[in-house]
There are 2 protein chains.
Amino acid sequence: MVNYKAELNAIFMALGHPARRAMLARLGKGEATVSDLAQPLDMSLPAVTKHLKVLERAKLISRSKNAQWRPCQLQEAPLNLASDWIEDQRKVWESRLDRLDNYLHTLHANSKKGAKK
Amino acid sequence: MVNYKAELNAIFMALGHPARRAMLARLGKGEATVSDLAQPLDMSLPAVTKHLKVLERAKLISRSKNAQWRPCQLQEAPLNLASDWIEDQRKVWESRLDRLDNYLHTLHANSKKGAKK
DNA sequence: TTTGTAATTAACCATATGGTTAAATTAAAC
DNA sequence: GTTTAATTTAACCATATGGTTAATTACAAA
């Protein structure tokens, strides 16, 4: 039921840094160059390059070539894997809560039967 | 529109390790002790204690006391924060795709008008 | 072919992660 | 009060992260 895919390690880890989430948020609005992505971030370009490698490793972005620019594109699939894992997780605890709810109702019903005796 | 909450750093980072995801999956089925959680994992108890601290820091679990046991409980809220971030993200790129779709339809309509001239 | 711009690589550094074993703590049970 | 079980802390180690500056590469434009 629950997803143990190894890709999730790289995906969740990549999402764990605010600069990388900011980059993904920017890329959600469309392709962007390295400098575009760096502009709102308070760090050097080499630092940005490193973050991009982390995002690439997780396949959260892909890259292309256009003259001296290396534009980045968002890839949705890994984000789907991540939210699927959370959804599977939610199903597990929701079914547990349902069983608990059921059990409490049974208890309540039995206590009323007991009172009538 | 997009969520920049600092808690997300700790949450996503915590989800980035398979042992921690396994622990959360186990806790989805109900409270468990440290040894319960350690049992299927190929690592020492101190290592498990450390992973539990990471999960606690992210508020993904809470803990209680029962004699010499320290049972752990899943906390759903942080998982909701995480999936909300992904959902917000999805909204951003879906609206972009909608605009692109719209644009392509307009282009197509205009090309037909052009052909008629 | 020189110059300018975009981006990456190299080298370095500090701190965090993820693991270990051995010792200490906590609390029940004998 | 001694023993036993569950868990944590301490000390240590290797590797990964996240940043820097300086040098290098890639490419267009003059």
Side-chain angles (χ1 to χ4, degrees), chain A residues 4 6-27 30-74 78 82, chain B residues 4 6-27 30-74 78 82:
Chain A
Y4 284 103
E7 301 97 299
L8 288 173
N9 301 345
I11 297 167
F12 280 124
M13 179 277 184
L15 295 176
H17 196 290
R20 290 191 292 256
R21 287 199 306 282
M23 291 180 189
L24 291 177
R26 167 63 189 79
L27 290 172
E31 189 172 282
T33 66
V34 178
S35 319
D36 289 341
L37 294 171
Q39 191 265 312
L41 301 175
D42 188 27
M43 65 179 67
S44 66
L45 270 169
V48 173
T49 295
K50 286 191 185 181
H51 285 301
L52 290 175
K53 291 204 177 191
V54 174
L55 292 171
E56 261 190 298
R57 192 170 64 199
K59 309 233 172 85
L60 282 158
I61 64 168
S62 61
R63 317 200 53 183
S64 41
K65 280 194 177 190
N66 176 12
Q68 64 266 61
W69 292 274
R70 297 287 175 277
C72 306
Q73 300 87 30
L74 181 67
Chain B
Y4 284 104
E7 301 98 298
L8 288 173
N9 301 344
I11 297 167
F12 280 125
M13 180 275 186
L15 296 177
H17 195 290
R20 291 191 293 257
R21 286 199 308 280
M23 292 179 189
L24 292 176
R26 167 63 189 78
L27 290 172
E31 190 172 282
T33 66
V34 178
S35 319
D36 289 341
L37 294 172
Q39 192 265 313
L41 302 175
D42 188 28
M43 65 179 67
S44 66
L45 271 167
V48 172
T49 295
K50 286 190 185 182
H51 284 300
L52 289 175
K53 292 206 174 187
V54 173
L55 292 171
E56 260 190 298
R57 192 169 65 199
K59 310 232 171 84
L60 282 158
I61 63 168
S62 61
R63 317 201 52 184
S64 40
K65 280 195 177 190
N66 177 12
Q68 63 266 63
W69 292 275
R70 297 287 175 277
C72 306
Q73 299 86 29
L74 181 68

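Note on naming: letters A, B, ... go to the chains in the order of the sequence lines (proteins, then strands), and numbering restarts at 1 for each one. Predicted model, so just to flag it, every value in this text is computed and none were measured.
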Visitor: If you check the Lys50(A) side chain, which of dT8(D), dG19(C), dC12(C) turns out closest?
Guide: dC12(C)

Visitor: Taking CE from Met23(A) and C1' from dG18(D), how many angstroms apart are they, rounded to a whole number?
Guide: 12 Å

Visitor: Only one of Leu60(B), Ile61(B), Val48(B), Val34(B) passes side chain to side chain contact (heavy atoms under 4.5 Å, CB included) with Met23(B); say which it is.
Guide: Val48(B)

Visitor: Side-chain N or O of Arg63(A) versus OP1/OP2 of dA7(C): is the shortest distance under 4.0 Å?
Guide: no

Visitor: Please determine if a side-chain N or O atom of Ser44(A) lies less than 4.0 Å away from the OP1 or OP2 oxygen of dT20(D).
Guide: yes

Visitor: For Ala14(A) and Ala58(A), work out which heavy atoms get closest and say how close.
Guide: CB-CB, 4.1 Å

Visitor: Could you check how far CG of Leu15(A) sits from C1' of dT17(D), rounded to whole Å?
Guide: 16 Å

Visitor: Without decimals, in angstroms, what is the distance between Glu56(A) CD and dT9(C) C1'?
Guide: 15 Å

Visitor: For Arg70(A) and Arg63(A), work out which heavy atoms get closest and say how close.
Guide: O-NH2, 3.0 Å

Visitor: OP1 or OP2 of dA16(D) sitting under 4.0 Å from any side-chain N/O of Arg57(A)?
Guide: no

Visitor: How close do His17(B) and Asn9(A) get, counting heavy atoms only, and between which atoms?
Guide: C-OD1, 4.4 Å

Visitor: Nearest whole Å is fine: how far is dG19(C) P from Asp42(B) CG?
Guide: 10 Å

Visitor: Tell me the interatomic distance from Leu52(A), atom CG, to dT17(D), atom P, rounded to whole angstroms.
Guide: 15 Å

Visitor: Does OP1 or OP2 of dA16(D) have a side-chain N or O of His17(A) closer than 4.0 Å?
Guide: no

Visitor: So, OP1 or OP2 of dT8(C): does either fall under 4.0 Å of a side-chain N or O from Thr49(A)?
Guide: yes

Visitor: Where does the angle between the aromatic ring planes of Phe12(A) and Phe12(B) fall among parallel (under 30°), tilted (30 to 60°) and perpendicular (over 60°)?
Guide: parallel

Visitor: Rounded to whole Å, please give me the gap between CG in Leu55(A) and P in dT8(C).
Guide: 12 Å

Visitor: Hey, what do you get for CZ (Arg26(B)) to CG (Leu41(B)), rounding to the nearest 0.5 Å?
Guide: 11.0 Å

Visitor: Using whole Å, report how far NE2 of His51(A) lies from P of dA7(C).
Guide: 16 Å

Visitor: Please pick, from dT9(C), dT9(D), dT21(D), the nucleotide with the shortest atom-to-atom distance to any side-chain atom of Lys53(B).
Guide: dT9(D)

Visitor: For the backbone of Leu15(B) and the side chain of Arg20(B), can you confirm whether one donor and one acceptor N or O come within less than 3.5 Å of each other?
Guide: no

Visitor: Distance check needed: dA22(C) P versus Leu45(B) CG, whole Å only.
Guide: 15 Å

Visitor: Can you build the contact string for nucleotides 23-30 of chain C? Use B for base contact, S for sugar-phosphate-only contact, and - for no protein heavy atom under 4.0 Å.
Guide: ---SSS--

